2 protein chains.
Amino acid sequence: MTDEDSDTEAPARAGRPTDERKTEAILDAAREAFFGQGYAAASIERIAEQAGVSKVTIYKRFGDKAGLLEALVRRQADNMTTTIGEANRDAATLEVQLVNFGFTLLSFLFDESHFHFDSMLVIERDRQREAAQRFFDAGPGTMRRELTKMLAAAHKRGDVHIPQPQRAAEDLLSLWKGFADLELRFGVVDMPGPARIRSHVRHGVKVFLRAYRAE
Amino acid sequence: MTDEDSDTEAPARAGRPTDERKTEAILDAAREAFFGQGYAAASIERIAEQAGVSKVTIYKRFGDKAGLLEALVRRQADNMTTTIGEANRDAATLEVQLVNFGFTLLSFLFDESHFHFDSMLVIERDRQREAAQRFFDAGPGTMRRELTKMLAAAHKRGDVHIPQPQRAAEDLLSLWKGFADLELRFGVVDMPGPARIRSHVRHGVKVFLRAYRAE
DNA sequence: ATAATACTAAACGTTGACGTTCACAAATAA
DNA sequence: TTATTTGTGAACGTCAACGTTTAGTATTAT
């Protein structure tokens, strides 16, 4: 009679329960396919095969190809938000603080599983406008906000001279992403390891602080 | 009015001569399609239609889809080389010199017809490795070389303190391309006009020169 | 056991794109 | 005019992918 519509995690429903690991496997396979070959070239059939899942399961869960991309974007964005949250630690000096922040960011960006992401999304942005916007907010947007706050605080303390913190934040993000990103994208160099990433971040921070040091 | 062609070389061959304007029209249409939708999603049939050309003509001239992309990449790379060559003018001060250089570069990069180029190429780079490399050499690679030379000369003159000119060139290129590029790619802002571009370039140069000024 | 739900495999219809062939029209040199 | 080459349109074969359907299996609560 009275259906227990409990909004808790315990389903307590009849029938075979959904296997959440399959959802993860599908999204992992979709990531590989979409990022590696682009949205159009990726095939649901191969995604299903690689995920060890029936094609029908994908359609049951995500509706269609666009829905699968939508879900993937959401997961990646959440993932990024989490990573960024963990990066915002306090440290002794501003320099160390920035280096930590940048290292976390670049380690994330220069990861095989995320690297092709925006390239695909950019091409698809006309068809997936809100998805692209959401990803920007979760990734670069959040990054800019956090960094802007940090820089404004440092300016107030007198550590640096940064009258326009948002613009400065964009400068630093540009220096970090920078040319290494270009070389990577065109396959001129290999993916850098942690040591190279840290060195690159340090260099960016140094240049940045030289430009914005207190007079 | 009939135009008498006297500039071009006479083919002096029998039969109907090839219409070079058709080649251009095909490449223009291919650019729109490839850059806008990506390689896989673009269709030769629609490219032919948009170019006002028979599909067979495309196959006669370019062999297949990959050949068409190949030719397109080559044309874009040549185009870029030409533009960069024109940008390298001497000017009174280093600052003016850099601003001119950057303005030419960004005007080219932030043009609708080139903007999606690397996004497509990145996804296709595994299948079109040499095309990607060629484009990198013609574009960012040349840019870095030219800029490195300019900065090394300025360092020798004592105008600035740049012991590692190539790294500094990468920094400046990063600052220029920077965050505006990201916002554009995700559709957060519209394509900037010349005024905004010049302002952005100026800012980049200022930050750069503050960081690398002579002590 | 039974009902209910998740899931699979295989087949299906449909669409769109690649690349080819063929008959024919258009343009030019001889 | 004639030979030669460019270009067109329409049709064709092939293939890969989307998304659906169906019949049946697996897993759970009652």
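Residue numbers begin at 1 in each chain, while the letters A, B, ... track the order of the sequences. Note that this is a predicted model, so its numbers are computed, not measured.
- For residues 61-72 of chain B, the pairs satisfying side chain to side chain donor-acceptor pair (under 3.5 Å) are B:T23-B:R61, B:E70-B:R74, B:E70-B:R134, with sequence neighbours left out.
- The side chain of B:R61 places an N or O atom within less than 4.0 Å of a non-bridging phosphate oxygen (OP1 or OP2) of D:dG7.
- Atom CD in A:Q37 sits about 14 Å away from atom P in D:dA16, given to the nearest Å.
- In terms of the side-chain hydrogen bond (donor to acceptor under 3.5 Å, both in side chains) criterion, residue partners of B:T18 (sequence neighbours excluded) are, by chain and number, B:E20.
- Under the salt bridge (charged side-chain N to carboxylate O under 4.0 Å, His left out) criterion, A:K22 pairs with no residue, sequence neighbours left out.
- Partners of A:R198 under the salt bridge (charged side-chain N to carboxylate O under 4.0 Å, His left out) rule, at least two apart in sequence or in another chain, do not exist in this structure.
- Distance, A:I58 CD1 to C:dA6 P: 16 Å, rounded to whole Å.
- Here B:K22 does not reach the OP1 or OP2 of C:dA27: none of its side-chain N or O atoms lies under 4.0 Å away.
- Scanning for side-chain hydrogen bond (donor to acceptor under 3.5 Å, both in side chains) contacts around A:S107 gives an empty result, with sequence neighbours left out.
- Not counting sequence neighbours, A:K60 has no partner by the salt bridge (charged side-chain N to carboxylate O under 4.0 Å, His left out) test.
- Residues from residues 25-32 of chain A placing a heavy atom under 4.0 Å of any atom in DNA chain D do not occur.
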Pull out every protein N or O sitting under 3.5 Å from an N or O of nucleotides 23-27 of chain D, one pair per line with the distance.
from: D:dA26; atom 1: N3; to: A:R16; atom 2: NH1; distance (Å): 3.4
from: D:dT27; atom 1: O2; to: A:R16; atom 2: N; distance (Å): 3.3

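- Put simply, B:R13 has no side-chain N or O that comes within less than 4.0 Å of OP1 or OP2 on C:dA30.
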Side-chain donor-acceptor contacts of residues 166-177 of chain B below 3.5 Å, not counting sequence neighbours, with atom names and distances?
from: B:E170; atom 1: OE2; to: B:R144; atom 2: NH1; distance (Å): 2.9
from: B:D171; atom 1: OD1; to: A:H203; atom 2: NE2; distance (Å): 3.3
from: B:D171; atom 1: OD2; to: A:H203; atom 2: NE2; distance (Å): 2.8
from: B:D171; atom 1: OD2; to: B:Y212; atom 2: OH; distance (Å): 2.7
from: B:S174; atom 1: OG; to: A:F179; atom 2: N; distance (Å): 3.0
from: B:S174; atom 1: OG; to: B:E170; atom 2: O; distance (Å): 2.7
from: B:W176; atom 1: NE1; to: B:V201; atom 2: O; distance (Å): 3.4
from: B:K177; atom 1: NZ; to: B:D181; atom 2: OD2; distance (Å): 3.2

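- When the P atom of C:dC7 is taken as reference, atom CZ of A:R21 falls 11 Å away, rounded to whole Å.
- Distances shown here put a side-chain N or O of B:T57 below 4.0 Å from the OP1 or OP2 atom of D:dT8.
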Please list each protein N or O that sits under 3.5 Å from an N or O in nucleotides 15-18 of chain C, with the distance.
from: C:dA17; atom 1: OP1; to: B:R46; atom 2: NH2; distance (Å): 2.9
from: C:dC18; atom 1: OP1; to: B:A42; atom 2: O; distance (Å): 3.4
from: C:dC18; atom 1: OP1; to: B:I44; atom 2: N; distance (Å): 3.1
from: C:dC18; atom 1: OP1; to: B:K65; atom 2: NZ; distance (Å): 3.3
from: C:dC18; atom 1: OP2; to: B:I44; atom 2: N; distance (Å): 2.8

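- Shown here is A:E49, whose CD atom has no more than 12 heavy atoms of other residues, nucleotides or ligands within 6.0 Å.
- Residue-level contact check: B:G67 touches neither bases nor backbone, having no heavy atom under 4.0 Å from any strand.
- Inter-residue side-chain proximity for A:I197 and A:M191 is flagged as unmet; no heavy-atom pair is nearer than 4.5 Å.
- Applying the salt bridge (charged side-chain N to carboxylate O under 4.0 Å, His left out) test to B:E45 and every residue at least two apart in sequence or in another chain returns B:K55.
- Among residues two or more places apart in sequence or in another chain, the ring-ring contact (aromatic ring centres under 6.0 Å, His included) test is passed with A:F135 by A:F117, B:F186.
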